[in-house]
Structures are given as structure tokens and as C-alpha cells.
Amino acid sequence: MVRANGAVSLRELARVVQTSEVTVRRDVRALEAEGLLDRRHGGAVLPGGFSREPGYPQKTHLAAAEKSAIADLAATLVEEGDAVVIGAGTTTQELARRLARVPGLTVVTNSLLVAQALAHANRVEVVMTGGTLRGSNYALVGSGAEQSLHGLRVSKAFISGSGLTAERGLSTTNMLSASVDRALVQSAAEVIVLADHTKLGTDTMFQTVPTDAITRLVTDEHAAGHDPTARELDALADCGVQIAIAPLGLAAEPPGHPAPERHPQQPPPGAARRAAGAPSAAAPLPGQRRPGTHGGPPPGHLPPRLAGAR
């Protein structure tokens with residue numbers, strides 16, 4: 001399965017071979033000792049996976065239910081009339097499908113998949129970056145994409161990646177993708193990372209967003225239920241990242257109506273920062289760029305809502 005897909009989750013392996021995740025984890029450890037694969041938190045990848053990226057067909061089958069739940073919850077963070085940027089990825093593609101019903105929304109993206117998901121949304125304006133097409137993930141990259149984002153100011157950036165750790169932040173396996181992702185997040189007042197549990201604790205070659213620049217993380221409930229991903233969540237929360245946990249099978253409120261936070265009576269250490277549902281809006285973290293702090297392009301180069309969006 002790893003050879004066919006590039007990566008696989010322990011949960012999926014356990015389902016296929018009809019055994020427990022504990023047994024699968026032990027066997028994966030033995031396969032790693034033989035040099036047949038590399039372990040990652042929540043799964044396994046081909047040897048050399050630190051720099052290897054599965055293609056789009058493989059990614060669509062990894063943690064599909066978790067990505068859907070994350071997209072449901074992330075959509076509640078978007079309000080009518082917002083201007084946002086959305087990066088490339090299968091999770092962000094799921095988010096875009098849910099945003100097609102948000103009136104007055106403007107979306108800037110370098111992803112053909114995100115643009116396609118919003119192509120027939122009557123009241124959503126889509127702005128594509130320039131750049132060179134990277135076929136493995138249907139994203140526009142390179143200097144053209146980065147230059148088209150210069151001077152852009154929006155309220156939120158939704159971005160995914162290949163790995164996320166408290167020590168290093170969000171990372172990806174491709175240098176060109178990393179450069180465009182950096183340009184995307186620099187345009188936003190809030191940076192929202194969408195990452196399922198298989199990416200937590202995984203570190204890949206190119207850093208895209210340092211931990212102190214991440215406003216909040218939206219992840220799935222498996223991340224909070226198992227070590228070491230739960231420890232990674234606590235470490236991220238200690239760094240100031242707001243944690244939103246998406247239950248599987250979440251029936252999301254319509255976009256623009258945040259789900260309620262969960263307030264346990266006596267939360268364990270760190271758990272108060274892992275609220276289920278969308279946290280309230282937060283001010284940008286120290287060092288994070290705010291809208292309007294740098295000069296934008298002359299009026300008319302972008303839709304009006306992109307200039308000084310709050």
C-alpha cells in the first residue's frame with residue numbers, strides 16, 4: 001500500500017488487514033528496521049519520505065474523512081463579504097467546496113483545484129495568481145505566483161502542508177510550493193493551518209510558516225486522542241496557537257456562523273486550548289503582518305475588497 005500510494009495511515013492499514021492499530025504499529029516498526037518504509041506519526045511513507053511527496057491521486061485517499069471534518073469546521077471561520085487566500089492541497093480543496101455558498105466572498109488562490117471548486121459559485125469572486133503550473137498538485141508556483149501576491153492584504157489565509165511540528169511550524173517537501181505558501185500567508189491578518197492528525201509531528205524539508213506566525217490550527221479528533229500527536233497539540237498551544245478540533249461526522253453550521261466552543265469544567269493541562277468548534281477571532285500574533293502595513297498596488301489592480309480587508 002505504501003508503494004502504491006506513497007503514504008498510508010495506521011488507521012487505514014488496521015482497517016484493511018482487520019487488526020488493531022497496536023499490532024499495525026508494531027509491524028510498521030519492524031518494516032522500518034528492514035529499511036522498507038519510514039514511520040511517521042499516525043502512518044508510514046516510502047523510505048526517503050522526508051523529501052518525497054505523494055501525488056494528487058494518492059493524497060485524495062489519505063485521511064479523507066478527517067479532511068472532510070476539518071473543512072466543515074474551517075468553513076465556519078469564514079463570514080459573508082470576507083476576502084481570503086487559500087493555498088493548494090486536498091484539504092483546502094474540500095474547504096473551497098464548502099465556501100461556494102458564502103455570499104460576497106473573494107478568494108485568492110494559486111490552486112486550480114480550489115478555483116475549480118468555486119468556478120460555478122455565483123456570488124464568490126475568484127482571483128488566480130500567475131505562475132508556472134506544478135502538475136503533481138495542480139498549483140501555480142514560481143516567481144510569477146509570488147509577484148502577483150505582492151501588496152495583497154486579506155483577512156485570513158487557509159493553508160495546508162506536508163508536516164506540522166511545534167518546533168518548526170508548517171513545512172512542505174517542495175521548495176517552489178514553500179515559497180508561494182510564504183507569500184500567501186504574508187498577505188493575511190490571520191493564518192489558519194488545516195492539518196489532519198497524520199501530519200502532526202512530521203517535519204519535512206522546507207519550512208513555510210513558523211509556529212509563531214500560525215494563528216490557529218484546525219485538525220481532527222484523532223489528533224487529540226492519541227499520543228504523540230496529543231503532546232504535539234499541547235506544545236503548539238503552549239506556543240500560542242489556538243487549537244480547533246473537528247469531530248468526525250461534524251454537522252457544521254453554515255459558513256459565517258461559528259460552532260460553539262467546548263468549555264469543560266476541569267480541563268486537563270492544555271485541553272482548554274483545544275476547543276471543539278471555531279474559536280473567536282483573535283488579533284494577529286506578535287510579528288505577524290497586519291492589513292495595510294505596507295503599500296499595496298494602485299487601485300483597480302485587484303478587487304476593492306482585497307485592499308485593507310479586515
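Heads up: numbering here begins at 1 and tracks the sequence. Computed over heavy atoms, backbone and side chain alike; hydrogens, waters and symmetry mates excluded.
Residues L164 and T202 fail the side-chain proximity criterion, which asks for heavy atoms closer than 4.5 Å. Contact check for Q207 versus L170: no side-chain heavy atoms found under the 4.5 Å cut-off. Counting heavy atoms from C-beta outward, L248 and H222 have side chains that approach closer than 4.5 Å. Contact annotation: the side chain of R98 approaches that of S68 to within less than 4.5 Å [non-hydrogen atoms, C-beta and beyond]. Counting heavy atoms from C-beta on, the side chains of T109 and T129 never come closer than 4.5 Å.
Taking all atoms of both residues into account, the shortest heavy-atom contact from A117 to A100 is O-CB, 4.4 Å. In terms of heavy atoms, A224 sits closest to I245 at CB-CD1, 4.1 Å. Scanning both residues, V85 and L184, for their nearest heavy atoms gives CG2-O, 3.6 Å. E146 and S179 get closest at one heavy-atom pair: OE2-CB, 3.2 Å. Scanning all heavy atoms of the two residues, the minimum distance from V185 to A157 falls at CA-CB, 4.2 Å. Of all heavy-atom pairs spanning L200 and A223, the tightest one is CD1-CB, 3.3 Å.
Listed by chain and residue number, T204 satisfy the side chain to side chain donor-acceptor pair (under 3.5 Å) test with S171 (two or more places apart in sequence, or in another chain). Considering only residues two or more places apart in sequence or on other chains, T19 meets the side chain to side chain donor-acceptor pair (under 3.5 Å) condition with none of them. Taking the salt bridge (charged side-chain N to carboxylate O under 4.0 Å, His left out) definition, one finds that R15 meets it with E12, sequence neighbours left out.
At a cut-off of 3.5 Å, with distance as the only test, a side-chain donor of K67 or T90 sits close to an acceptor on the other residue. Side chain to side chain, R153 and S187 fail the donor-acceptor criterion of an N or O pair below 3.5 Å. The closest side-chain donor-acceptor pair between S160 and K199 falls under 3.5 angstrom. Remark: the R182 side chain and the S177 side chain contain no N/O donor-acceptor pair separated by less than 3.5 Å. In this model, no donor atom of one side chain and acceptor atom of the other lie less than 3.5 Å apart for N174 and T172.
Between the side chain of D220 and the main chain of H197, a donor-acceptor pair closer than 3.5 Å is present. Between the side chain of T211 and the backbone N or O of G169 there is at least one donor-acceptor pair closer than 3.5 Å. Using a distance-only test at 3.5 Å, with no hydrogens or angles considered, no donor-acceptor pair links the side chain of D82 to the main chain of V84. Checked by atom type and distance alone, the side chain of T219 pairs as donor or acceptor with a backbone atom of A195 at under 3.5 Å. Between the E232 side chain and the A166 main chain, a donor and an acceptor come within less than 3.5 Å of each other.
Atom-to-atom distance recorded for L194:CG and R216:CZ is 11.5 Å, nearest 0.5 angstrom. For the atom pair CG of L95 and CD1 of I86, the computed distance is 4.5 Å after rounding to the nearest 0.5 Å. Summarising the geometry, atom OG1 belonging to T92 is positioned 11.0 Å from atom CZ belonging to F158; distances are rounded to the nearest 0.5 Å. Distance check: L140 CG to L176 CG gives 12.0 Å after rounding to the nearest 0.5 Å. Between the CG atom in N137 and the CG atom in N110 there is a gap of 8.0 Å [rounded to 0.5 Å]. Atom CZ of R168 sits about 9.0 Å away from atom OG1 of T208, to the nearest 0.5 Å.
For Q116, the CD atom counts as loosely surrounded, since its 6.0 Å shell holds 12 or fewer non-hydrogen atoms of other residues, nucleotides or ligands.
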* Tell me, with the steps shown, if E32 and R29 meet salt bridge (charged side-chain N to carboxylate O under 4.0 Å, His left out). => CA-CA 5 Å; E32 183 182 47; R29 196 175 293 123; over 6 Å; no

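M175 and M205 fall within a single hydrophobic cluster, where Ile, Leu, Val, Met, Phe, Trp and Tyr side chains are chained together by heavy-atom contacts under 4.5 Å.
Salt-bridge annotation for E66 and R11: present, with a side-chain N of the basic residue lying under 4.0 Å from a carboxylate O of the acidic one.
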